[in-house]
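Inspection log for the structure reproduced underneath, given as structure tokens.
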Amino acid sequence: MNYWLFKSEPDVFSIDDLAACRNKTTYWDGVRNYQARNYLRDTIKKGDGVLFYHSNSEPLAIVGTCEVVKEGYPDFTAFEPESKYFDPGSSPDKTVWYMVDIRLKEKLKQPVTLAMLKAKPELKNMKLLQKGNRLSVMPVTPDEWKTILEMQNL
DNA sequence: GCCAACGTTGGC
DNA sequence: GCCAACGTTGGC
């Protein structure tokens, strides 16, 4: 079992949008980066834990935990010309992009903000905090996961 | 709105 | 295969 952090802009898709989904479950579409794609296709497994992070908004923060309920399968939005995620280079025959399904486990008692994460010495190696990091799907260590979940109680 | 960092594209 | 130009991400 592994842990991950998924970024989402709440203007596009927020934790409350996920909470409003049927079974609190959605497919994680639109990832168009090869490194993130490889995680989605190859590494992320059913039952893995996911931290849901709000980017490009106030507050910048981890806002909830999710569980992977379906492992990597073709991101069909790449096949739809009307989709903003359309990619003519991907087709059902030759799929380039992948997605997983996640289900909301719980919203955190309070958002664990980027500032709080930065202030935590134990988290200084966290991928999210590394300069220039732009991955929207990234691994989190078990220790980081535990530390972050404890921080919601402060 | 700015801009640093990074990924992708395409000419050579 | 190099690398300049360009587009995107995302914190500030």
Any residue meeting side chain to side chain contact (heavy atoms under 4.5 Å, CB included) with P139(A), in chain and number order, not counting sequence neighbours: W4(A), Y39(A), K127(A)
The criterion is side chain to side chain contact (heavy atoms under 4.5 Å, CB included); which residues satisfy it with K24(A), sequence neighbours excluded? R103(A), L104(A)
E80(A): partners by salt bridge (charged side-chain N to carboxylate O under 4.0 Å, His left out), with sequence neighbours left out: none
Name all residues meeting the salt bridge (charged side-chain N to carboxylate O under 4.0 Å, His left out) criterion together with D16(A); count only those two or more places apart in sequence or in a different chain, and write none if there are none. K107(A)
CE of M126(A) versus P of dG11(C): gap in Å, rounded? 12 Å
Treat primed atoms plus P, OP1 and OP2 as sugar-phosphate and everything else as base, then score nucleotides 3-10 of chain C 5' to 3': B for base contact with protein heavy atoms under 4.0 Å, S for sugar-phosphate contact only, - for none. ----BBBB
Selection residues 82-120 of chain A - residue pairs positive for ring-ring contact (aromatic ring centres under 6.0 Å, His included), sequence neighbours left out: Y34(A)-W97(A)
